[in-house]
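A short write-up of the structure that comes next.
Just the heavy atoms: all of them, side chains too, but no hydrogens, waters or symmetry mates, feed the values below. Predicted model only: the values in this text are computed from it and were never measured.
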Amino acid sequence: MKTSTFDFTIDKGVRERANAVLAAKGMTMARALRAMMAIGMRERRLPFGISRAHALAGVGMSREAARQLGIPRDGTDGSTGVTCGVTLKVEPEERELILEWCDSLCITPNALVRAYTAQISYELRIPLNN
């Protein structure tokens, strides 16, 4: 079966923090990205809010759980300024649908993934509005 890939560049601290949050929720980065994209494509919208509202900072995890996972609940998304890569394998047809959906939202796939992972890292939860 032929696959295609998306290669994204995100902040290393955000990726590490998002991976820890997702693992605590029993989810991988690839699964979370696919779920976000599936909801968004089905509903033709951005399926999560982008916010740095203080009330949302760390709302998805208790202080104790965050401490046990080594995630500071400091009101940030954990950005370090160092970038790294994330690769998502998809079917070629799915890639085209994702590109069309992103184009309809006037956002690049990379910007979408950056925003989504940063919001996971900021809220310490999976912020899907479904």
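Looking at Tyr122, its side chain does come within 3.5 Å of a backbone N or O of Ala53 through a donor-acceptor pair. Looking only at distances, a side-chain donor or acceptor of Arg73 sits under 3.5 Å from a matching main-chain atom of Met61.
Proximity of Lys12 to Thr83: side-chain heavy atoms (C-beta onward) are nowhere separated by under 4.5 Å. Contact of the Tyr116 side chain with the Ile126 side chain is registered, since non-hydrogen atoms from C-beta on lie closer than 4.5 Å. Put simply, the side chain of Val113 reaches to within 4.5 Å of the side chain of Met37, judged on heavy atoms. In this structure, the side chains of Arg17 and Asp77 stay at 4.5 Å or more apart for every pair of heavy atoms. Counting heavy atoms from C-beta on, the side chains of Val21 and Leu69 never come closer than 4.5 Å. Using a 4.5 Å heavy-atom cutoff, the side chains of Thr117 and Met29 are in contact.
One distance of note links SG of Cys102 with CG of Leu46; it measures 9.0 Å at 0.5 Å rounding.
Between the side chains of Thr80 and Asp11, at least one donor N or O lies within less than 3.5 Å of an accepting N or O. If you check the side chains of Thr108 and Asn110, you find no donor sitting under 3.5 Å from an acceptor. Gln68 and Arg63 share no donor-acceptor pair across their side chains, judged by distance under 3.5 Å alone.
Annotation: cation-pi pair Arg95/Phe6 present, NZ/CZ under 6.0 Å from the ring centroid and within 45° of its normal.
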Inset, instruction - For the pair Gln119 and Arg52, evaluate side chain to side chain donor-acceptor pair (under 3.5 Å) and give the outcome as yes or no after the intermediate values. - result: CA-CA 8 Å; Gln119 202 63 37; Arg52 287 299 179 265; 2.8 Å; yes
